[in-house]
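Along the sequence shown, residues are numbered consecutively beginning with 1.
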Amino acid sequence: MRYAVLGTGVVGRTLASGLASLGHEVVIGTRDPGATLARADYAEWRAARPQVRLVALREAADEGETLVNATGGRVSVAALTEAGAAGMDGKVLIDVANPLDFSQGFPPTLDPVDGDSLGELIQRTFPGLRVVKTLNTMNCRIMVDPGRVGGHHHVFLSGEDADAKNAVRALLHSFGWPLASILDLGGIETARGAEMLLPMWLRLMGVLGHTDFNFHIQGA
């Protein structure tokens with residue numbers, strides 16, 4: 001499978017590494033490849049993973065059979081517009097981003113929130129994409145290595161397209177997520193709840209002093 005990870009921050013790099021380790025062909029997309037290559041953090045990461053090519057957003061989106069949105073949530077629509085997502089009807093977009101607004105300092109708020117979500121906004125803006133919201137409720141290292149957290153814990157799926165969710169479920173399983181730990185919340189509007197877990201996640205991080213934790217849903 002050819003994956004295009006859009007975003008070169010720690011989340012994008014972690015997901016790209018995880019996908020490459022499974023044998024997938026991976027490109028990572030950025031607005032300015034030259035500026036990204038000049039960053040010390042990216043150069044060090046790239047030196048250890050020469051098989052992951054760095055290209056401009058549009059080239060990455062053209063090459064990827066499946067797209068991963070790991071851009072900052074407040075700029076995701078702009079980044080996807082630059083990538084030409086409006087012309088990629090039928091492709092699956094795995095949205096792991098959160099619309100964190102740091103304009104008032106830390107902890108950030110969410111924008112949009114409550115009556116809308118980033119997942120819904122992306123789906124409305126690019127109706128040809130098959131958006132699946134997932135993995136946004138945990139640290140990126142746990143996304144690709146759920147064994148970092150002991151015991152049972154969960155990852156959520158939101159989206160309108162059943163086949164797209166099945167494909168993402170299979171990918172999550174290949175990362176090590178037990179199928180019973182992958183909870184399908186329903187349509188893309190359920191991304192509101194998943195995104196609104198972030199304020200709680202941030203406060204738990206502050207209390208625990210680390211990021212190796214996740215949510216577990218205990219049923220009867």
Are the side chain of Thr14 and the backbone N or O of Val10 linked by a donor-acceptor pair below 3.5 Å?
yes
Are Arg148 and Met138 close enough that some pair of their side-chain heavy atoms sits under 4.5 Å apart?
no
Does anything in residues 80-91 form a side chain to side chain donor-acceptor pair (under 3.5 Å)? List the pairs, not counting sequence neighbours.
Arg31-Glu82
As a quick check of understanding, evaluate side-chain contact (heavy atoms from CB on, under 4.5 Å) for Gln104 and Thr109, giving each step before the final call.
CA-CA 8 Å; Gln104 303 301 315; Thr109 57; 5.8 Å; no
Under a single-linkage definition using a 4.5 Å side-chain heavy-atom cutoff for Ile, Leu, Val, Met, Phe, Trp and Tyr, are Leu171 and Val11 assigned to the same hydrophobic cluster?
yes
With a 4.5 Å cut-off on side-chain heavy-atom distances among I, L, V, M, F, W and Y, is there a chain of contacts connecting Val168 to Ile182?
yes
Are Ile142 and Val5 connected, step by step, through hydrophobic side chains (Ile, Leu, Val, Met, Phe, Trp, Tyr) whose heavy atoms are closer than 4.5 Å?
yes
More than 12 non-hydrogen atoms from neighbouring residues, nucleotides or ligands closer than 6.0 Å to NE2 on His173, yes or no?
no
Does any pair with a residue in residues 185-196 pass side chain to side chain donor-acceptor pair (under 3.5 Å), and if so which ones, sequence neighbours excluded?
Glu120-Arg192, Lys133-Glu195, Ser158-Thr190
Please answer: with hydrophobic residues joined when any side-chain heavy atoms are less than 4.5 Å apart, are Ile217 and Leu197 in the same cluster?
yes
Any donor-acceptor pair under 3.5 Å from Glu65 side chain to Met1 backbone
no
Can you tell me if Trp177 uses its side chain to pair, donor with acceptor, with the backbone of Met143 under 3.5 Å?
yes
State the CZ-CG distance between Arg74 and Asp111, to the nearest 0.5 angstrom.
4.5 Å
Can you give me the closest heavy-atom contact between Thr125 and Leu121, atom names plus distance?
OG1-O, 2.7 Å
Aromatic rings Phe102 and Phe106: how do their planes relate, parallel, tilted or perpendicular, breaks at 30° and 60°?
parallel
Given side chains that start at C-beta, do those of Pro99 and Leu110 come closer than 4.5 Å, heavy atoms only?
yes
State, yes or no, whether a side-chain contact exists between Cys140 and Val96 at a heavy-atom distance under 4.5 Å.
no
Could you name each residue pair satisfying salt bridge (Lys or Arg N to Asp or Glu O under 4.0 Å) that touches residues 10-23, not counting sequence neighbours?
Arg13-Asp41
What's the shortest heavy-atom distance between Leu19 and Val68, and which atoms?
CD1-CG2, 4.5 Å
Heavy-atom check, side chain of Thr211 versus side chain of Trp201, under 4.5 Å:
yes
Donor-acceptor pair, Thr71 side chain versus Gly7 backbone, under 3.5 Å?
no
Using side-chain contact (heavy atoms from CB on, under 4.5 Å), reason through Leu93 and Phe126 one step at a time and then give a plain yes or no.
CA-CA 10 Å; Leu93 175 77; Phe126 309 104; over 6 Å; no
I'd like to check the side chain to side chain donor-acceptor pair (under 3.5 Å) partners of Thr8; sequence neighbours left out, ordered by chain and number.
Arg39
Can you name the ring pair (Phe, Tyr, Trp, His ring centres under 6.0 Å) partners of His152, sequence neighbours left out?
none
Supply the atom-to-atom distance Arg46 CZ to Arg53 CZ, rounded to the nearest 0.5 angstrom.
10.5 Å
Go through the steps to decide whether Tyr3 and Leu15 satisfy the test side-chain contact (heavy atoms from CB on, under 4.5 Å), and finish with yes or no.
CA-CA 10 Å; Tyr3 283 89; Leu15 286 166; over 6 Å; no
Reference residue Asn136; test side-chain hydrogen bond (donor to acceptor under 3.5 Å, both in side chains); the match among Asp95, Asn69, Asn98:
Asn98
What heavy-atom pair brings Leu57 and Ala79 nearest, and what distance separates the two atoms?
CD1-O, 3.8 Å
Please set out all donor-acceptor pairs under 3.5 angstrom arising from side-chain atoms of residues 23-30, sequence neighbours excluded.
{"residue": "Thr30", "atom": "OG1", "partner": "Thr36", "partner atom": "OG1", "Å": "2.7"}

Work out which heavy atom in Pro107 is nearest to a heavy atom in Arg203; give both atom names and the distance.
CG-NH2, 3.4 Å
Between atom CG of Leu198 and atom CG of Leu204, what is the distance when rounded to the nearest 0.5 Å?
11.0 Å
Over all atoms of both residues, closest heavy-atom pair of Lys165 and Gly159
NZ-O, 3.1 Å
If every non-hydrogen atom of Gly119 is compared with every non-hydrogen atom of Ala191, which pair is closest and at what distance?
CA-CB, 4.5 Å
Side-chain contact test, heavy atoms from C-beta onward, threshold under 4.5 Å: evaluate it for Gln51 versus Arg49 and give yes or no.
yes
Going by heavy atoms in the side chains, are Leu80 and Ile122 under 4.5 Å from each other?
yes
Gap between atom OG1 of Thr134 and atom CG of Leu172 - 0.5 Å precision:
4.5 Å
Met205 reachable from Phe215 in the ILVMFWY side-chain graph, under 4.5 Å edges
yes
Quick one: does Ser76's side chain get under 4.5 Å of Leu118's, heavy atoms only?
yes
State whether the side chain of Gln123 and the backbone N or O of Leu129 hold a donor-acceptor pair below 3.5 Å, judged by distance alone.
yes
So do the side chains of Thr137 and Val155 get within less than 4.5 Å of each other, counting heavy atoms only?
no
Report yes or no: does Asn214 contribute a side-chain atom to a donor-acceptor pair with the main-chain N or O of His154 at less than 3.5 Å?
yes
